[in-house]
There are 2 protein chains.
Amino acid sequence: MQMKATVPITTAQLRSACSQCNLLELCLPFGMDEQEIQRLDELVGTRRKVKRQQPLYRAGDPFEAIYAIRVGWFKTDVVLEDGREQVTGFQMTGEMLGLDGISTETHSCNAIALEDSEVCVISYSRLEELSREFEGLQHQFHKVMSREIVRDHGVMMLLGSMRAEERLAAFLLNLSQRFTARGFSGVDFHLRMTRDEIGSYLGLKLETVSRAFSRFQEEGMVEVQQKHVRLVDLPQLRKLIQHPVGR
Amino acid sequence: MQMKATVPITTAQLRSACSQCNLLELCLPFGMDEQEIQRLDELVGTRRKVKRQQPLYRAGDPFEAIYAIRVGWFKTDVVLEDGREQVTGFQMTGEMLGLDGISTETHSCNAIALEDSEVCVISYSRLEELSREFEGLQHQFHKVMSREIVRDHGVMMLLGSMRAEERLAAFLLNLSQRFTARGFSGVDFHLRMTRDEIGSYLGLKLETVSRAFSRFQEEGMVEVQQKHVRLVDLPQLRKLIQHPVGR
DNA sequence: ACCCGTGTTTGACGTGCGTCAACGTAGCCT
DNA sequence: AGGCTACGTTGACGCACGTCAAACACGGGT
């Protein structure tokens, strides 16, 4: 059902492969020297465009590659037999998708584009080969996986121990930091996901998310208009997380 | 503060290093051939005993090694500035600890022994070296990391979308399966962790955990006596997860 | 054998978030 | 421009789980 819009790479496009890519410091080749990165261009054989709402992969799909997001946004989610959905993450430019597939050679979650997006397809077997050759690549890849584990622990903290408004504050601050790291405004941005998706990620209902936004607005911490968000008072948001209730 | 009970390996002990270890199929060397595994014995330079309630490592400790549990139980947890603690996992024999440290070269969580335990210390730099040499080791290591990511997604599902009794049922079934995989009884076992720790892991208060246990007992699904648990009706427990409330 | 500290159970009550429902808003199609 | 559809907001109310408190169970140390 899913359109595999896999395009073979042309000579022209190859110039913008890893060695020419401006995502370098966010992506796999970080820490490798120039020469090594040249060799890396072998790694990304193809690109793939994914239209909004379309899956990059689905739970159950055989695992063959991991993906680096070039442009766009994705969500990953897990679905229970009874239909309950849990969003496990939102991924943006320079972030990696598909690591869940390595363990069973089958993807265990869905990756859905939140807007028209494009990814680099990184053959996993090729990646293993090359990372046996290049220490820097190996190390960076391990770091990427480890970072995902650490991130997951943060989400557990959020889901297990924080209250609704703390969760939303943490979520907004996390987005802020990731936008900043990419050279975008960290205080003024556009949400790619719905209230329902945010709610699923944060373990809340969409109404609760909406109400929390409204309260932040009342308190003068945030200006919200639908999907557009302005963080007016970052310190206050940070304080909210560290000093939960009234204390 | 923490006692580094690191013991240099003796010739006698070496015989029970990887090549002689009965955890083979659970641990890193899985999938490697005999010859390769012999070489692996270089990997585990030391063992380390950790007493009950003592840390194997703490958040902030420099990362140098990962650990394979030989005997015993651990919990990992993350602590917020304001003191709130989130247990992120319980690890038993044959499972790996320390993967969180790779990303920043500093551990990001605490690993505490739940009973007197012993781990194999696997030098991380040595592991990277050897896994550049041995494809099987490399692949297995990647699988271990990926498995952790998939597990984490399961916990997010649990914390974000399930109700108290479902969470506890899922937790018990997960323990059951892991005991079974190790040749122990999957229906009759001893919990190493307190209600408080279970609650932290499941995003519940200890009283709620205790009440859920009591309800399971009333319903005839489980027999509980303090830390001793007997799963009397596995199918019913499974049903509880798939068909949450009354539906 | 006793005490003491830690962990567990159970009850009564409170509350944060979920549920249900109505209405508002924005973008898209004709 | 109008109407459809998906998404977002807000209010009233209910309930699952948290909070607080008291009593009980167990194991380790003297």
Side-chain angles (χ1 to χ4, degrees), chain A residues 51-53 73 75 84-87 112 114-116 158-169 171-172 190-219 222-229 240 244-247, chain B residues 51-53 73 75 84-87 112 114-116 158-169 171-172 190-219 222-229 240 244-247:
Chain A
K51 283 246 163 254
R52 186 177 135 85
Q53 303 289 24
W73 275 84
K75 69 169 176 183
R84 277 180 291 182
E85 174 192 336
Q86 175 70 32
V87 171
I112 314 283
L114 294 176
E115 60 183 27
D116 293 357
L158 195 137
L159 291 170
S161 309
M162 293 168 90
R163 335 169 93 265
E165 292 187 9
E166 297 176 67
R167 295 185 201 186
L168 186 61
F171 173 69
L172 291 173
H190 182 80
L191 299 172
R192 272 44 175 210
M193 62 295 282
T194 67
R195 299 287 188 267
D196 195 34
E197 287 163 335
I198 297 173
S200 172
Y201 180 62
L202 299 179
L204 302 168
K205 292 293 152 179
L206 62 106
E207 295 93 331
T208 305
V209 174
S210 179
R211 275 187 253 268
F213 267 125
S214 300
R215 271 215 72 221
F216 286 175
Q217 178 137 290
E218 284 167 32
E219 311 269 308
V222 171
E223 285 167 22
V224 199
Q225 209 160 18
Q226 307 286 125
K227 292 208 152 75
H228 183 251
V229 173
L240 200 79
V245 215
R247 281 195 310 136
Chain B
K51 283 247 163 253
R52 186 177 135 85
Q53 303 288 26
W73 275 84
K75 70 169 176 183
R84 277 180 290 183
E85 174 191 338
Q86 175 70 33
V87 170
I112 313 282
L114 295 176
E115 60 184 26
D116 293 358
L158 196 134
L159 291 171
S161 308
M162 293 168 90
R163 335 171 89 264
E165 293 188 9
E166 298 174 66
R167 294 185 202 186
L168 185 62
F171 172 69
L172 291 174
H190 183 80
L191 299 173
R192 274 37 179 216
M193 62 294 283
T194 66
R195 299 287 188 267
D196 194 33
E197 287 163 335
I198 297 173
S200 172
Y201 180 62
L202 299 179
L204 303 168
K205 292 292 153 181
L206 70 155
E207 294 94 331
T208 305
V209 174
S210 178
R211 275 187 252 269
F213 267 125
S214 298
R215 271 215 71 222
F216 286 175
Q217 178 136 288
E218 285 167 31
E219 311 268 309
V222 172
E223 284 167 22
V224 199
Q225 208 161 17
Q226 306 286 124
K227 292 211 151 77
H228 183 253
V229 173
L240 199 78
V245 214
R247 282 195 308 137

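Letters A, B, ... mirror the listed sequences (proteins, then strands); counts begin at 1. Hydrogens, waters and symmetry mates play no part in the numbers below; they use all other heavy atoms, side chains included.
Distances shown here put a side-chain N or O of A:S214 below 4.0 Å from the OP1 or OP2 atom of D:dT10. Between C:dG16 and A:T208, no contact under 4.0 Å exists linking OP1 or OP2 to a side-chain N or O.
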Short N/O separations, protein against nucleotides 20-22 of chain D, under 3.5 angstrom:
residue	atom	partner	partner atom	Å
D:dC20	N4	B:E207	OE2	3.2

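With no hydrogens or angles considered, no side-chain donor-acceptor pair links A:S200 and A:E85 at under 3.5 Å.
Nearest to the side-chain atoms of B:R163 among the listed nucleotides D:dC7, D:dA16, C:dT10 stands D:dA16. Across C:dG18, D:dT10, C:dT10, the shortest atom-to-atom separation from the side chain of A:L204 is found for C:dG18.
Considering B:Q53, B:K51, B:R52 in turn, B:K51 is the only one that fulfils the side-chain hydrogen bond (donor to acceptor under 3.5 Å, both in side chains) rule with B:D116.
Here C:dG7 presents its C1' atom at 9 Å from CG of B:L206, a figure rounded to the nearest Å. Remark: P of C:dG7 and CD of B:Q225 are 19 Å apart, rounded to the nearest angstrom. Rounded to a whole Å, the NZ atom of B:K227 is 10 Å from the C1' atom of D:dC26. As rounded to whole Å, 7 Å separates atom P of C:dC17 from atom CZ of A:R167. Taking atom CD1 of A:I198 as the reference point, atom C1' of D:dC7 lies 12 Å away to the nearest angstrom. Going from atom CZ of B:R215 over to atom C1' of C:dT10 covers 15 Å, rounded to whole Å. B:M162 places its CE atom 16 Å from the P atom of D:dA16, with the value rounded to the nearest Å. Rounded to an integer number of Å, the gap from NZ of B:K205 to P of C:dT9 is 17 Å.
Side chain of A:R84 to backbone of B:S161: a donor-acceptor contact under 3.5 angstrom is found.
Judged by closest nucleotide on DNA chain C, B:F213 is the one of A:Q226 and B:F213 placed further toward the 5' end.
Put simply, the side chain of A:L168 does not reach to within 4.5 Å of the side chain of A:T208, judged on heavy atoms. Residues A:L158 and A:Y201 are not in side-chain contact: their nearest non-hydrogen atoms beyond the backbone lie 4.5 Å or more apart. Between A:E197 and A:L206, the closest side-chain pair of non-hydrogen atoms is not below 4.5 Å. Taking the side chain as every heavy atom from C-beta outward, B:F216 and B:V224 never approach each other to under 4.5 Å.
Using a 4.0 Å heavy-atom cutoff across all strands shown, A:G199 reaches no nucleic acid atom at all.
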